[in-house]
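Just the heavy atoms: all of them, side chains too, but no hydrogens, waters or symmetry mates, feed the values below.
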Amino acid sequence: MTDLIRSSSLSYYPEVARSVGLDPRQMMRKARLPPACLDKPDTPIAVAGLRRLLELSAEASGAEDFGLRLAERGGLTNFGTVGLIVREQATVGEAIDAFSRFIHVHHDGMRLDVARGKQTATITMHLRGRKPSAPRQSIDVALGSVHRIIQSLFGQDWRPREVHLHHPPPHDRKRYREFFGCRVIFNARDDAIVLSAHDMERRIPNAHPLIASYLRKRIEAIETRPASWEQKVDEVVRFLLASGDCTIERVAEHLACTRRTIHRRLAASGTSFSAILDAQRADLVIQLIDAPGRRLADIAMQLGFSAQSAMARWFRSRFGCTITEWRKGVRPETAPPTATAA
């Protein structure tokens with residue numbers, strides 16, 4: 001299964017890549033990721049593509065700490081709504097619990113387990129992948145980001161008690177000690193951050209419980225992540241159609257696979273790419289033609305039709321009336337149902 005992550009994870013990638021002598025868009029193409037996602041932070045992209053990008057960047061630049069450099073510049077804003085709800089919790093412990101509860105909305109291949117003891121609390125990170133463990137750079141940027149988020153709740157002076165990393169030590173261990181500000185244990189059983197139990201009780205200044213409650217309700221309404229290939233393709237198609245650039249090749253880029261893989265996986269699910277595209281077009285076209293001032297030629301282009309006339313023929317076949325009739329209020333009883341969000 002292809003895990004997805006929001007492209008806001010790459011918000012600082014161009015800056016970090018240039019700092020070590022890399023061309024960020026060239027590296028994106030090498031990793032088979034759509035460079036356009038750098039300009040749209042809510043774009044769903046494949047976790048496999050992100051991992052490939054990080055490893056290629058570290059190898060090409062010789063920067064063994066590339067993942068840490070990326071985590072160093074990030075923070076709550078990289079996590080969108082998840083970051084907002086974390087920031088508004090009353091205590092650090094509640095913020096960590098909220099982060100653990102909702103992280104899958106941002107990254108559906110990541111899980112955090114929080115274990116509280118009398119003296120310490122341990123946040124253990126799990127990254128799903130085909131290998132027994134995720135690649136080094138993916139571990140570093142993910143656990144480094146968790147560290148930065150906790151630090152942002154305290155201030156720059158906060159330090160964890162220990163940090164555990166599953167991967168072997170780098171050539172320069174000092175860089176890791178400087179980043180985390182504590183003892184770092186390599187070749188550990190888990191990837192984890194250990195902090196004082198007392199830290200979990202720390203109040204967060206300027207937190208707003210009412211805002212936290214409102215955000216929680218919003219995020220609970222959208223938290224169900226696509227689980228099947230059909231749902232994942234549906235999500236990407238819906239996003240790309242809204243931006244006016246949806247082809248099976250573009251969808252394959254976002255899922256880090258080939259168009260053949262998409263066709264094969266969807267056929268196994270009893271559907272097809274054209275069926276998903278057709279349903280999402282039907283859902284979006286109604287919103288677009290009902291919006292005042294939208295030219296039909298522009299709508300046809302956004303939905304990927306070769307011409308306005310092609311869209312007109314498709315619309316009549318799909319809805320049982322012309323676009324003009326629909327705009328006048330005609331709603332044939334036999335009109336096929338429009339798509340529903342996955």
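With salt bridges taken as basic N to acidic carboxylate O contacts below 4.0 Å, one links Glu72 and Arg175. Under a 4.0 Å N-O distance rule, the pair Arg294/Asp298 does not qualify as a salt bridge. The pair Arg25-Asp39 meets the salt-bridge criterion, since a charged nitrogen lies less than 4.0 angstrom from a carboxylate oxygen. Taking 4.0 Å as the cut-off between side-chain N and carboxylate O, Arg32 and Glu253 do not count as a salt-bridged pair. We find that Asp97 and Arg116 are joined by a salt bridge, their nearest charged nitrogen and carboxylate oxygen being less than 4.0 Å apart. By the 4.0 Å N-to-carboxylate-O rule, Arg111 lies close enough to Asp113 to be salt-bridged with it. Ion pair Glu59/Lys30 not flagged as a salt bridge, since none of the NZ, NE, NH1 or NH2 atoms sits closer than 4.0 Å to an Asp/Glu carboxylate oxygen.
In this structure the side chain of Ile5 reaches within 4.5 angstrom of the side chain of Ile45, judged on heavy atoms. Side-chain contact check for Asp191 versus His164: every heavy-atom pair is 4.5 Å or farther apart. Considering only heavy atoms from C-beta on, Val163 stays 4.5 Å or farther from Phe179 through its side chain. The side-chain heavy atoms of Pro41 and Arg6, taken from C-beta on, include no pair separated by under 4.5 Å. Side-chain contact between Leu195 and Trp158: present, with at least one pair of heavy atoms (C-beta onward) separated by less than 4.5 Å. Side-chain contact between Leu127 and Arg51 is present, with at least one heavy-atom pair separated by less than 4.5 Å. Annotation: side chain of Ile185 is not in contact with side chain of Leu165 (no heavy-atom distance under 4.5 Å). Contact check for Arg318 versus Asp278: side-chain heavy atoms found under the 4.5 Å cut-off.
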Before giving the answer on side-chain contact (heavy atoms from CB on, under 4.5 Å), spell out for Val141 and Phe66 the whole-Å C-alpha distance, their side-chain angles and the decisive distance to 0.1 Å.
-> CA-CA 8 Å; Val141 73; Phe66 192 90; over 6 Å; no
Begin from the C-alpha positions of Arg136 and His167 and carry the test side-chain hydrogen bond (donor to acceptor under 3.5 Å, both in side chains) through to its verdict.
-> CA-CA 6 Å; Arg136 173 191 293 270; His167 61 65; 3.0 Å; yes
Worked check of salt bridge (Lys or Arg N to Asp or Glu O under 4.0 Å) between Lys232 and Asp108 | CA-CA 11 Å; Lys232 288 178 184 288; Asp108 60 11; 3.1 Å; yes
List the steps, then state whether side-chain contact (heavy atoms from CB on, under 4.5 Å) holds for Met311 with Ile323.
-> CA-CA 9 Å; Met311 182 180 72; Ile323 295 176; 3.8 Å; yes
Are Ser9 and His106 close enough, and set up right, to give a side-chain hydrogen bond (donor to acceptor under 3.5 Å, both in side chains), and what steps lead you there?
-> CA-CA 9 Å; Ser9 302; His106 171 76; 3.0 Å; yes
side-chain contact (heavy atoms from CB on, under 4.5 Å) between Leu53 and Met28, worked out | CA-CA 7 Å; Leu53 176 66; Met28 293 280 287; 3.5 Å; yes
Yes or no on side-chain hydrogen bond (donor to acceptor under 3.5 Å, both in side chains) for Arg148 and Gln151, after CA distance, side-chain angles and deciding distance?
-> CA-CA 5 Å; Arg148 287 285 293 167; Gln151 193 173 56; 3.3 Å; yes
Give the C-alpha distance, both sets of side-chain angles, the deciding distance and a yes or no for side-chain hydrogen bond (donor to acceptor under 3.5 Å, both in side chains) between Tyr176 and Asp140.
-> CA-CA 10 Å; Tyr176 284 75; Asp140 286 356; 2.4 Å; yes
Run the numbers on Thr120 and Ser196 for side-chain contact (heavy atoms from CB on, under 4.5 Å), then give the verdict.
-> CA-CA 4 Å; Thr120 62; Ser196 167; over 6 Å; no
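By the rule that hydrophobic residues join a cluster once side-chain heavy atoms approach within less than 4.5 Å of another member, Leu240 and Ile248 end up as members of one cluster. Hydrophobic clustering, with ILVMFWY side chains joined whenever heavy atoms are under 4.5 angstrom apart, keeps Val146 apart from Val194. Linking ILVMFWY side-chain heavy atoms closer than 4.5 Å, directly or via other members, places Val20 and Leu56 in a single hydrophobic cluster. Using a 4.5 Å cut-off between side-chain heavy atoms of Ile, Leu, Val, Met, Phe, Trp and Tyr, with links allowed through other members, Leu50 and Tyr12 fall into the same hydrophobic cluster.
In this structure, CG in Leu241 is found 7.5 Å from CD in Gln302, a value given to the nearest 0.5 Å. To the nearest 0.5 Å, atoms CZ (Arg265) and CZ (Arg260) are separated by 14.0 Å. Note that OG1 of Thr43 is 9.0 Å distant from CG of Leu38, once rounded to the nearest 0.5 Å. Taken to the nearest 0.5 Å, the CD atom of Gln280 stands 13.5 Å off from the CZ atom of Phe239. Taking NE2 of His147 as the reference point, atom CG of Leu68 lies at 10.0 Å (rounded to 0.5 Å). Taken to the nearest 0.5 Å, the CG atom of Leu303 stands 7.5 Å off from the CD1 atom of Ile299.
Remark: Asp157 engages no residue in a salt bridge (Lys or Arg N to Asp or Glu O under 4.0 Å) (not counting sequence neighbours). Residues meeting the ring-ring contact (aromatic ring centres under 6.0 Å, His included) test with Trp314, sequence neighbours left out: Phe305.
With hydrogens and angles left out, the side-chain atoms of Ser274 and Ser272 include a donor and acceptor closer than 3.5 Å. Side-chain contact check for Ser8 and Ser11: no donor-acceptor pair (N or O, by modelled atom type) lies under 3.5 Å.
Counting only distance, with no hydrogens or angles, the side chain of Ser269 and the backbone of Thr271 share no donor-acceptor pair below 3.5 Å. The backbone N or O of Ser57 lies less than 3.5 Å from a partner atom in the side chain of Ser61, making a donor-acceptor pair. A donor-acceptor pair is defined here as one N or O able to donate and one able to accept, closer than 3.5 Å; no such pair exists between the side chain of Glu64 and the backbone of Ala58. Judged purely by atom type and a 3.5 angstrom limit, Asp172 uses its side chain to pair as donor or acceptor with the backbone of Lys174. At least one donor-acceptor pair closer than 3.5 Å links the side chain of Glu325 to the backbone N or O of Thr322.
Closest non-hydrogen pair, Ser138 versus Glu55, comes out as N-OE2, 4.0 Å. Between Leu10 and Cys37, the shortest heavy-atom contact is CD1-SG, 4.4 Å. Across all their heavy atoms, Ala307 and Ala300 have their closest contact at O-CB, 4.0 Å. Across all their heavy atoms, Ala95 and Val86 have their closest contact at CB-O, 3.5 Å. The two residues Phe180 and Pro160 come nearest to each other via the heavy atoms O-CD, 3.3 Å. The two atoms that bring Arg69 and Ala63 nearest to each other are NE-CB, 4.2 Å, heavy atoms only.
The environment of CZ in Arg327 is crowded: more than 12 heavy-atom neighbours from other residues, nucleotides or ligands sit within 6.0 Å. Atom CE of Met200 has more than 12 heavy atoms from other residues, nucleotides or ligands within 6.0 Å.
For Phe102 and Phe79, the distance between ring centers is not under 6.0 angstrom. Ring pair Phe186/His166: centre-to-centre distance not below 6.0 Å.
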